[in-house]
Amino acid sequence: MYKRWKAVESTPGLRVPGHVLQFWQIQCLYIASRWSSSFLFPAPSSVYYIPNFISADEEQFLLNKVYSAPKPKWTQLSHRKLQNWGGIPLQKGMVAEPLPTWLKTYADKIHELGVFEDRCPNHVLVNEYLAGQGIMPHEDGPVFYPTVSTISLGSHTLLDFYYHLTNTGNSAPSDSKDNPSCETSASEAVSSFKDRHFLSVLLEPRSLVLVCDEMYKVHLHGIDERTCDVITEKVANLDFISAKVGDQLERGTRVSLTIRNVPKVLKTSLFFNRK
Ligand SMILES: O=C(O)CCC(=O)C(=O)O
Ligand SMILES: [Fe+2]
């Protein structure tokens with residue numbers, strides 16, 4: 001623990017002691033009181049990782065639900081496919097639809113952790129990644145409340161964090177308002193993401209990861225298009241996973257449930273049509 005603390009502490013711009021401490025705290029709390037109210041914790045400021053947040057039976061149940069959704073529910077992108085539940089989040093807001101019970105149950109469980117404060121998660125994005133697929137570095141942006149919670153199903157992945165071009169070193173964080181589309185700009189792509197990758201979190205199947213506050217607002221995150229992940233010292237949750245530095249983990253098909261809150265909820269179109 002101490003060695004890793006020192007190793008990551010030297011990374012510029014990162015409040016690492018806090019991160020390591022939070023990983024440690026969450027693990028202790030998790031073991032001590034999985035679902036009791038004492039599991040609530042105040043204003044988190046970075047990343048929390050909770051292994052085995054759901055059981056293997058729950059994982060299979062959720063996978064069955066995802067794959068029994070009607071075909072039109074899927075949107076096929078070039079490097080992954082996805083389902084939107086709860087509405088389509090847009091810059092101007094979201095016309096909210098109720099979450100189905102199988103997702104609402106988990107949105108409520110995450111809400112109980114206290115990370116969304118008084119808000120209820122009202123949107124779930126389901127992503128399916130085949131081995132070798134990923135999502136390029138991006139920020140989720142101001143459409144969402146700045147906490148993202150993700151349950152991983154079926155396979156592990158490595159979630160990678162990158163500095164923006166403007167906050168390599170200790171400079172001020174970049175402003176997501178300048179980049180409302182949340183896509184990385186052309187100039188960012190020119191600078192190697194490899195150079196700006198500062199941290200990864202191994203997301204094991206059945207785990208929950210919470211990306212909060214600064215880690216949400218200041219940095220980019222993404223999943224590399226790889227079929228095999230190598231565990232390195234940059235993996236911040238090494239102390240809480242079964243893999244160790246040097247291990248090579250073959251990816252399988254991973255389904256992620258990204259559970260968020262869209263603060264701006266629009267009145268339904270029915271309402272607008274009323275004279
Ligand atoms: O699949 C994941 O874990 C990450 C997905 C993600 O970053 C997103 O949909 O914005
Ligand atoms: Fe994202």
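Note that ligands are numbered from 1 as they come in the structure, with each ligand's atoms numbered from 1 the same way.
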Spell out, as yes or no, whether a donor-acceptor pair under 3.5 Å connects the side chain of [X] to the backbone of [Y].
X      : Y      : answer
Arg251 : Gly132 : no
His221 : Glu139 : no
Tyr216 : Gly141 : yes

Inset, instruction - Describe, in one word, how the ring planes of His197 and Tyr162 are oriented to each other, choosing from parallel (under 30°), tilted (30 to 60°) and perpendicular (over 60°). - result: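 If you compare the ring of His197 with that of Tyr162, the planes turn out tilted.
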Inset, instruction - Kindly assign one of parallel, tilted or perpendicular to the pair Phe198 and Phe161, based on the angle between their ring planes and the thresholds 30° and 60°. - result: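 Ring orientation, 0 to 90° scale: tilted.
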Inset, instruction - Please confirm whether Lys104 makes a cation-pi placement over Trp85, using NZ or CZ under 6.0 Å from the six-membered ring centre and within 45° of the ring normal. - result: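 That pair does not qualify as a cation-pi contact.
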Legend entry - Tyr163 six-ring centre to Arg196 NZ/CZ under 6.0 Å and within 45° of normal: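 Pair Arg196/Tyr163 does not count as cation-pi.
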Atom indices of ligand 1, in the order listed, that fall short of 4.0 Å to a heavy atom of [X]:
X      : value
Asn127 : 5 (C), 9 (O)
Ile223 : 1 (O), 2 (C), 3 (O)
Asp140 : 10 (O)
Thr150 : 3 (O)
His221 : 7 (O)
Leu125 : 9 (O)

Inset, instruction - Would you check if Leu62 and Glu59 make a side-chain contact, meaning some heavy-atom pair closer than 4.5 Å? - result: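 No - every pair of side-chain heavy atoms lies 4.5 Å or more apart.
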Legend entry - Which segment of Arg260 sits under 4.0 Å of ligand 1 when only heavy atoms are counted: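 Side chain only; the backbone of Arg260 stays clear of ligand 1.
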Inset, instruction - Quick one: name the residues clustered hydrophobically with Leu77, using the 4.5 Å side-chain heavy-atom rule over I, L, V, M, F, W, Y, and just say none if it's on its own. - result: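 Hydrophobic cluster check, Leu77: joined to Leu82, Leu125.
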Inset, instruction - For the Fe ion (ligand 2), check which protein N, O or S atoms are under 2.8 Å away and list them. - result: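 For the Fe ion (ligand 2), the protein N, O and S atoms that sit under 2.8 Å away are His138 NE2, Asp140 OD1, His221 NE2.
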Inset, instruction - Would you mind telling me which of Asn127, Val126, Ile151 makes a side-chain contact (heavy atoms from CB on, under 4.5 Å) with Val255? - result: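 Testing each of Asn127, Val126, Ile151 against Val255, the sole residue satisfying side-chain contact (heavy atoms from CB on, under 4.5 Å) is Val126.
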Legend entry - His219 vs His164, ring pair (Phe, Tyr, Trp, His ring centres under 6.0 Å): CA-CA, chis, key distance, verdict: CA-CA 6 Å; His219 303 301; His164 264 290; 8.2 Å; no
Inset, instruction - Ignoring angles and geometry beyond distance, decide whether Tyr129 reaches within less than 3.5 Å of ligand 1 through its nitrogen or oxygen atoms. - result: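 Yes, there is a polar N/O contact under 3.5 Å.
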Inset, instruction - Please determine if Thr258 has a nitrogen or oxygen closer than 3.5 Å to a nitrogen or oxygen of ligand 1. - result: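 No, there is no polar N/O contact under 3.5 Å.
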Inset, instruction - Do me a favour and list the nearest non-hydrogen protein atom to atom 3 (O) of ligand 1 with residue, atom name and distance? - result: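 For this ligand atom, the closest protein heavy atom is Arg254 NH2, 2.8 Å.
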